[in-house]
2 protein chains.
Amino acid sequence: MEEFNSMNLRALSELLKLSQTTVSRALNGFPEVSEETRARVKAAAELHGYRPSAAARRLAIGQSGTLGVVFPRERNMLGDLIFTEFLGCCVEQASDMGYDITLAMARGTQTEEAVYRRAVRSARVDAMILSSPLIEDPRLSLLRSLNMPFILHGRTRAAEHYATLDIDNRGAFFQATRLLCDLGHTSIALINGDPSHNYAVDRENGYRAALKAAGLTPPLSNIAGGMMVESHGETEAGRMLALALPERPTAFLCSSIAQALGVKRAVESKGLKIGSDISLIAHDDRLADIRAETFDPPLTATQSSIGAAGKRVVELAVAMLREPSTPLPSEVWPVDLVVRQSTGPAPK
Amino acid sequence: MEEFNSMNLRALSELLKLSQTTVSRALNGFPEVSEETRARVKAAAELHGYRPSAAARRLAIGQSGTLGVVFPRERNMLGDLIFTEFLGCCVEQASDMGYDITLAMARGTQTEEAVYRRAVRSARVDAMILSSPLIEDPRLSLLRSLNMPFILHGRTRAAEHYATLDIDNRGAFFQATRLLCDLGHTSIALINGDPSHNYAVDRENGYRAALKAAGLTPPLSNIAGGMMVESHGETEAGRMLALALPERPTAFLCSSIAQALGVKRAVESKGLKIGSDISLIAHDDRLADIRAETFDPPLTATQSSIGAAGKRVVELAVAMLREPSTPLPSEVWPVDLVVRQSTGPAPK
DNA sequence: TCTTGTTTCCAAAGCGCTTTGGATATCTCC
DNA sequence: GGAGATATCCAAAGCGCTTTGGAAACAAGA
């Protein structure tokens, strides 16, 4: 019951009649110790339930063994859901790699800065994970100036080099828009996410580029940026469907399945049918509870697992810490366009 | 740039020509140091940006200064949203109190147990925060047997004594049901949360008790347990509204506003009106994005801020750690029933 | 036998903080 | 002026781990 308290390195080494050095090295896989001794040490450690004290290890090694994840400042409905999935997978991967995840709250820039400073100064975290950056996110230069390693899930306009993992939002929405153009749609609406975030800008750029390539120019009324929620999709789609014919969209491109649900509602309330009258594509973050496959009709989607990204971000962060000399990682994942039944040729 | 590394207690004390002891005591508010010295020390600490090393402090003091929050095993849509609010407020409060929050992943009992053991053995967290317990939650006795202090947001059937903060779910739903009875409703439906969780059981008990007090017995068809999502509310309400008259409900009681949204949809799709034809009450967790006040019509609700609960849980956890000898805290918050326009007398 | 190298292990010095057990100076009261 | 109380400060011993700089034992080549 109490043994885990008293069973420290010294006690274990005395028990084994070895020095603390040897025991430590045996457990941490150093080559200077014979395999025989190592096995003996490991067996004893297991037997007595020895677990090194995290605090002592941290003090000695100068690293905290924890990653900080910045809790997003604005939180809204299903946008939250995506973050939760991301966070959950970060925690899972971190746990597998022997790291802890602590949350840094971000409310307002001043307090946010104070949080970072505190974390850095007292060495509470070894690296930070940021997600969903703004177009020009001040947090990057702040962390840089504080000498805090960080990795960004997403990208910004910043010229400086930083560690990042992002999906190819532009390419995804380019592909999706091109598909709709190829199907003969000439009025394609974009229901986007928050336009102050970079991913939304990238998506819009991809959308515009594909339209331009097809010789089309989207009317302003066909682009709506806002929250990743059903109601936003519903009101915006409702508004657009009330437009006169040349501008009235025959296809919708959504930044999330939640928005697509709203679009579907608006479409059906007009007596129209998704897949024939109206084509619909959404970005699919592969959340367990909102699936493109079980959408009615099954939803054509650009898909990329946000959970996989969370895991990878942790992997990269840990790799950065272990090999500080290697260049900062920078990955951009391609996004699959999966065609299902929610898209079809433009109605005549 | 680098100063935060070198500015440790010793450097600061040399700078001030004081001993480390005095500096430490001055900063930590011990009475043995004169106010004059304390002011001087604090000023210097501020000036040089001194922040004590968390690792060193943890090692010396034997506490990690972090609380673990157990990430719930099952995660679904808006249930998640509630947890996120809870978590966010935990982080906020913990930050204010100088504590960190780390997340413990909970997937399956075995791995969960391993997570706890690891956390306990290596003293990574000082206490755990559990939320949304099952009716008989095995985690309690597990943490107890590991000697890990914990506090539960919610309650279970367990006889043992443990630290807990809960809202009066039973009382809330008793009140709400009684109001509906007083308004003359005789068929009142309950759209509940996940029945394996204790809060759902408490709510159902309150509902049943109020019905019984009014001389009513709910037909089985009028009770539905499930997820805290709109679609669940919609399908269950739709099913119930299709029943024959004596059983067909004239009032609905929901466990979340999200469910109420679904009920509203089902009600309106039958051409009925909330507030006159059908009365509706929901539990309101006071989330920023889903508000009872802006519901259409404004929603009569049993309300209790889940965020406030998160903050308080952290306060209690810290208090437990600071005063281990005081009896375990156990708070049950009353829940307000706020009457708005979604309830009215039963139609004749 | 002496050197050199290899393997295996160890003593001891930190890491930066808290805390114990005094030491020194200052006040108070007879 | 001395005894006792009080206020103020300090030296040093940990906390439990990692890591440096050898040492001891043994084998092999000169």
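Lettering of chains follows the sequences in order, A, B, ..., and the numbering in each one begins at 1.
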Could you go through A:Asn198 and A:Arg157, starting from their C-alpha distance and side-chain angles, then the distance that decides it, and tell me whether this counts as side chain to side chain contact (heavy atoms under 4.5 Å, CB included)? CA-CA 8 Å; A:Asn198 200 62; A:Arg157 286 270 164 283; 3.7 Å; yes
Below the 4.0 Å mark, does [N] have OP1 or OP2 next to a side-chain nitrogen or oxygen of [X]?
X: B:Thr37; N: D:dT8; answer: no
X: B:Ser24; N: C:dT18; answer: yes
X: B:Asn8; N: C:dC15; answer: no
X: B:Thr22; N: D:dC10; answer: yes

Closest to the 5' end of DNA chain C, once B:Ala55 and A:Ser19 are matched to their nearest nucleotides, is A:Ser19
Of the listed nucleotides C:dT8, C:dG16, D:dC10, the one nearest the side chain of B:Ala60: C:dG16
Where the side chain of A:Pro52 is concerned, which of C:dC17, D:dC17, D:dG16 is the nearest nucleotide? D:dC17
If we ignore angles and hydrogens, is there a donor and acceptor under 3.5 Å between the side chains of [X] and [Y]?
X: B:Ser34; Y: B:Thr37; value: yes
X: A:Ser19; Y: A:Thr22; value: yes
X: A:Thr156; Y: A:Tyr162; value: yes
X: B:Ser64; Y: B:Asp126; value: yes

Let me know the distance between [atom1] of [X] and [atom2] of [N], rounded to the nearest Å.
X: B:Arg51; N: C:dC17; atom1: CZ; atom2: C1'; value: 15 Å
X: B:Glu36; N: D:dA7; atom1: CD; atom2: P; value: 16 Å
X: A:Leu9; N: D:dC15; atom1: CG; atom2: P; value: 13 Å
X: A:Leu12; N: C:dC10; atom1: CG; atom2: P; value: 13 Å
X: B:Arg25; N: D:dT8; atom1: CZ; atom2: C1'; value: 10 Å
X: A:Ile61; N: C:dG14; atom1: CD1; atom2: P; value: 18 Å
X: B:Phe30; N: D:dC10; atom1: CZ; atom2: P; value: 16 Å
X: A:Glu32; N: D:dA25; atom1: CD; atom2: C1'; value: 17 Å

Base, sugar-phosphate or nothing for A:Thr21? Non-hydrogen atoms, less than 4.0 Å. base
Classify B:Arg58 by what it touches in the nucleic acid, base, sugar-phosphate, or nothing, heavy-atom distance under 4.0 Å. nothing
Whichever of B:Arg40 and A:Ala56 has its nearest DNA chain D nucleotide further upstream toward 5':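 It is B:Arg40, whose closest nucleotide lies nearer the 5' terminus.
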